[in-house]
Each structure stands twice: as structure tokens, then as C-alpha cells.
Peer 1: 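Quick one: the structure is below, questions incoming.
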Amino acid sequence: MPGVRIAALGHHQPGRVLGNDELATMVDTNDEWIRRRTGIVTRRIAGPDESVTDLAAGAAAKALAASGLDPADIGQVTVATCSAVDRCPSIAAQVAGRLGIPSAVAFDLNNGCAGFCTALSVANHSLLAGGAKHALVIGAEKMSDLVDWTDRRSCILLGDGAGAAVLSATDGDTSAIGPAVWGSDPSRASAVRLLGEWHPQFEQDGQAVFRWATTELPELAEQACRAAGLSPAELDGVVTHQANLRIIESLVQKLGLREDAVIARDVVDSGNTSAASVPLALAKLVERGELRSGARVLLFAFGGGLSWAGQVVTCP
């Protein structure tokens with residue numbers, strides 16, 4: 001059996017920064033209220049001419065360049081997104097076309113905010129089974145398209161961006177991507193959802209999501225560690241879905257991590273970018289050198305469905 005490693009990471013965000021003070025001129029809110037409830041200070045907002053494909057391709061191009069591979073080496077392209085307007089061709093196929101990837105299987109995956117961690121494991125399984133030698137996995141969202149800018153409960157949360165990873169099969173039997181812990185609770189499907197047919201809007205039962213995340217997420221995160229043969233205390237870092245800083249801090253407190261463990265708090269600067277949040281935060285930490293090569297990191301995301309997915313990975 002081959003192993004699988006993460007060869008490279010990349011990220012991309014729009015240029016426009018929307019801060020809390022500016023947001024307070026658009027809806028009845030203020031900086032103190034937003035920070036206290038969510039921890040968010042700024043978020044990036046894509047322009048009207050920027051698409052999910054633009055964001056995905058930007059992150060993917062950086063990851064591909066960092067991997068040192070040729071476009072023709074990539075055998076699978078998957079984009080995790082819930083905000084794409086285009087149904088067919090898929091965002092993945094469009095990204096492959098832009099990057100000059102000639103003949104990869106390309107498809108989109110929608111598992112809400114858990115999409116990237118889900119897609120990462122799907123690609124991992126594909127490479128382990130010999131379906132491809134190299135795969136490109138992207139989380140990309142333009143959540144600003146789905147925002148009701150008159151609803152202060154939701155418009156304060158969301159931002160746009162993308163993160164990407166290149167996976168490569170190896171000759172060894174050690175994999176850098178641990179077994180997936182994933183699932184869903186359909187009885188809570190209405191907790192996070194997109195309402196409407198052709199131009200849906202984001203809707204969330206924030207209290208229900210907060211209760212679920214702070215009570216059930218710690219055990220699921222520990223399951224992901226056990227599946228990788230680790231205890232939380234052996235982790236070098238944790239990158240969860242960047243939904244809310246209070247949820248992140250609650251999880252960190254309950255896991256019993258080392259004092260020097262690196263915790264992703266990109267939600268402060270980027271807001272909730274749904275399926276893009278985990279790869280976006282991970283790529284930034286690696287780029288800044290806060291997570292070094294060989295670091296063992298728990299990835300875990302949750303969202304619409306209500307769904308979740310997570311695994312322990314080794315940084316490139």
C-alpha cells in the first residue's frame with residue numbers, strides 16, 4: 001500500500017477588507033458587539049466580477065507552483081464549495097482548464113463548511129487506491145453572494161477566500177493524512193442551511209450550532225486523534241472550522257493540548273469562509289512558519305447538514 005503526503009499548500013483572498021466599523025454603517029451593529037459574540041474583526045469580500053472559480057484558481061495555482069509538479073501530473077481535482085453559482089461545468093473543471101491540467105477527473109463536492117476536510121479524505125482514499133498519483137484539493141467560497149446584508153445576525157459572520165492542497169502518493173506505507181472521522185446528524189439539518197433555489201441566502205440557528213460545537217465537537221476531535229494513534233497532547237497544532245472564536249477557544253480548553261500547540265484563529269481576520277476556512281488557515285500558518293514541516297495537526301470542520309469531518313495531518 002502506498003502512503004499519501006501533503007506536497008504543498010496555497011491560499012488566496014480578495015483584496016477588499018470589510019471591517020466591523022464599516023459594517024456598522026450598513027446594518028445595526030457595532031465593533032464591540034461583533035467581537036464579543038464572534039471574535040471577528042475583519043473579513044475579505046470579493047468584488048462583483050470575482051467568482052468562486054477565480055478564488056479557487058488563485059489558491060490552486062500557488063499550491064501547484066509550490067509543489068514543483070507540472071499541471072499534467074495532477075490526476076484529480078476536487079473543489080469543496082457550497083456557494084458556487086455554476087453547476088456545469090464544475091468549478092473543479094474550470095480550475096483545471098485555467099491551470100492547464102489536461103485530463104484529470106474533476107468534480108465539486110458540497111458538504112457545507114465540512115467540505116474541505118471531506119474532500120481531503122476522498123482524495124486520500126483515491127490516491128491510496130491508486131486512482132491517481134497526485135491530486136489537487138481546494139476549498140473555495142464566495143459567501144458574500146449568500147449574505148442577507150440586512151440581517152445583523154448573519155452578515156457579520158461571512159467572508160470570501162480559498163485554500164488548496166496538493167496531495168501526492170508515496171512509495172512508503174506511512175501516510176501524512178490520518179483516517180477520517182466524519183458523519184452527519186440529519187435531525188439538525190436546519191441548523192445551518194442555504195434557503196432558496198437559484199439565489200439562496202445563508203441562514204443559521206446560531207445558538208443550536210454553538211451548543212452542538214461546544215458539547216459534541218470535543219469528543220469527535222478526540223476520535224480523530226485516536227484514529228491517527230495520537231492523544232490531543234501530542235498534537236503540534238489544531239485548525240478547526242473558523243466559525244466563531246468562542247467555539248475555537250472552548251474546544252482548545254477541553255482538548256488538553258500542550259501549551260506550545262499552535263491554534264488557528266484566522267476567523268479574527270477572515271471571518272467564516274465555510275469550506276475555505278480550514279485550508280485557508282492552515283496554509284497561512286505554514287507560510288508564516290508557525291507550523292513547521294512534520295508538524296502533526298488536527299483538522300476539523302462542521303456545518304450545514306449538520307455535518308462534520310476531520311483528520312490529523314502532517315504538514316509539508
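Nothing here was measured: the structure is a model prediction, and the numbers come from that model.
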Peer 1: Could you give all pairs that pass the ring-ring contact (aromatic ring centres under 6.0 Å, His included) test and reach residues 39-64, with sequence neighbours left out?
Peer 2: none
Peer 1: Indicate yes or no: at least one non-hydrogen side-chain atom of L18 is less than 4.5 angstrom from one of T42.
Peer 2: no
Peer 1: Using modelled atom types only, decide if a donor and an acceptor are shared between the side chain of D73 and the backbone of D70 within a distance under 3.5 Å.
Peer 2: yes
Peer 1: Can you confirm whether S51 sits close enough to K142 that some side-chain heavy atom of one is under 4.5 Å from a side-chain heavy atom of the other?
Peer 2: no
Peer 1: How close do C315 and V297 get, heavy atom to heavy atom, and via which atoms?
Peer 2: SG-CG2, 3.6 Å
Peer 1: Running the 4.5 Å side-chain criterion over Ile, Leu, Val, Met, Phe, Trp and Tyr, what cluster does V52 land in, apart from itself?
Peer 2: L64, L69, I74, V77, V79, I91, V95, L99, I101, L136, I138, V166
Peer 1: Do L280 and V268 belong together in a cluster built from hydrophobic side chains that touch within less than 4.5 Å?
Peer 2: no
Peer 1: Looking at Q311 and G178, would you say the former's side chain and the latter's main chain have a donor-acceptor pair under 3.5 Å?
Peer 2: no
Peer 1: Salt-bridged, R36 to D31, with N to O below 4.0 Å?
Peer 2: no
Peer 1: If you measure from CG on D28 to OG1 on T150, what distance do you get to the nearest 0.5 Å?
Peer 2: 11.5 Å
Peer 1: Nearest 0.5 Å, please: how far is OG1 in T38 from CG in N244?
Peer 2: 6.0 Å
Peer 1: Answer yes or no: is there a side-chain heavy-atom contact under 4.5 Å between V278 and C117?
Peer 2: yes
Peer 1: Could you tell me which residues satisfy side-chain contact (heavy atoms from CB on, under 4.5 Å) with P89, sequence neighbours excluded, listed by chain and number?
Peer 2: A93, Q94
Peer 1: Enumerate, atom names and distances included, each donor-acceptor pair closer than 3.5 Å involving a side-chain atom of residues 9-17, sequence neighbours excluded.
Peer 2:
residue: H11; atom: NE2; partner: E287; partner atom: OE1; Å: 3.1
residue: Q13; atom: OE1; partner: K284; partner atom: NZ; Å: 2.8
residue: Q13; atom: NE2; partner: S270; partner atom: OG; Å: 2.9
residue: R16; atom: NH2; partner: E22; partner atom: OE2; Å: 2.7

Peer 1: Is there a donor-acceptor pair closer than 3.5 Å between any side-chain N or O of N110 and the backbone N or O of G112?
Peer 2: yes
Peer 1: Tell me, do I34 and L23 make a side-chain contact under 4.5 Å, heavy atoms counted?
Peer 2: yes
Peer 1: Look up atom CZ in R44 and atom CG in L55, then write down how far apart they are to the nearest 0.5 Å.
Peer 2: 11.5 Å
Peer 1: Any Lys/Arg nitrogen of R258 or D236 sitting under 4.0 Å from an Asp/Glu carboxylate oxygen of the other?
Peer 2: yes
Peer 1: Do R35 and I40 make a side-chain contact, defined as non-hydrogen atoms from C-beta onward lying under 4.5 Å apart?
Peer 2: no
Peer 1: Rounded to the nearest 0.5 Å, what separates atom OG in S277 from atom CG in N272?
Peer 2: 6.0 Å
Peer 1: Mind running side chain to side chain donor-acceptor pair (under 3.5 Å) on S126 and Q76 for me, showing each step along the way?
Peer 2: CA-CA 9 Å; S126 179; Q76 179 172 316; 2.8 Å; yes
Peer 1: Please determine whether salt bridge (Lys or Arg N to Asp or Glu O under 4.0 Å) holds for the pair R153 and D148, giving the CA-CA distance in whole Å, both sets of side-chain angles, and the decisive distance to 0.1 Å.
Peer 2: CA-CA 9 Å; R153 298 169 303 169; D148 178 356; over 6 Å; no
Peer 1: Quick check against the 3.5 Å criterion: does E219 have a side-chain atom that pairs as donor or acceptor with the backbone of E216?
Peer 2: no
Peer 1: Any side-chain to backbone donor/acceptor pair from S175 onto V4? Under 3.5 Å, distance only.
Peer 2: yes
Peer 1: Name all residues meeting the side-chain contact (heavy atoms from CB on, under 4.5 Å) criterion together with N30; count only those two or more places apart in sequence or in a different chain, and write none if there are none.
Peer 2: E32, W33
Peer 1: Under the ring-ring contact (aromatic ring centres under 6.0 Å, His included) rule, what pairs show up with a residue in residues 219-264, not counting sequence neighbours?
Peer 2: H241-F302
Peer 1: What verdict does the side-chain contact (heavy atoms from CB on, under 4.5 Å) test give for I177 and I6, after you've listed the backbone C-alpha separation in whole Å, the side-chain angles of each residue and the deciding distance to 0.1 Å?
Peer 2: CA-CA 8 Å; I177 301 174; I6 299 177; 4.3 Å; yes
Peer 1: Taking side chain as C-beta onward, heavy atoms only, is V238 less than 4.5 Å from L257?
Peer 2: yes
Peer 1: Do any pairs count as a side chain to side chain donor-acceptor pair (under 3.5 Å) and have a residue in residues 288-306, sequence neighbours left out, and if so which ones?
Peer 2: R288-E290
Peer 1: Can I get a per-line list of side-chain donor-acceptor pairs under 3.5 Å for residues 246-254, giving both atom names and the distance, sequence neighbours left out?
Peer 2:
residue: R246; atom: NE; partner: R37; partner atom: O; Å: 3.2
residue: E249; atom: OE1; partner: R265; partner atom: NH2; Å: 3.4
residue: E249; atom: OE2; partner: R265; partner atom: NE; Å: 2.8
residue: K254; atom: NZ; partner: T214; partner atom: O; Å: 2.4

Peer 1: In Å and rounded to the nearest 0.5 Å, what is the CG to CG distance from L120 to L167?
Peer 2: 5.5 Å
Peer 1: Could you work out, with side-chain contact (heavy atoms from CB on, under 4.5 Å) as the rule, every residue matching A224, not counting sequence neighbours?
Peer 2: V181, L298, F300
Peer 1: For side chain to side chain donor-acceptor pair (under 3.5 Å), just list the numbers for S144 and D160, CA-CA rounded to whole Å, side-chain angles, deciding distance to a tenth of an Å, and then say yes or no.
Peer 2: CA-CA 7 Å; S144 61; D160 304 330; 2.7 Å; yes
Peer 1: If the condition is side-chain contact (heavy atoms from CB on, under 4.5 Å), which residues does A24 pass it with, not counting sequence neighbours?
Peer 2: T29
Peer 1: Sort and list the pairs that fulfil ring-ring contact (aromatic ring centres under 6.0 Å, His included) and have at least one residue in residues 244-274, not counting sequence neighbours.
Peer 2: none
Peer 1: Can you list, by chain and residue number, the hydrophobic cluster partners of W182 when the side-chain cut-off is 4.5 Å?
Peer 2: V105, F107, L109, V122
Peer 1: Between L306 and G303, what is the shortest heavy-atom contact and its length?
Peer 2: CD1-O, 3.0 Å
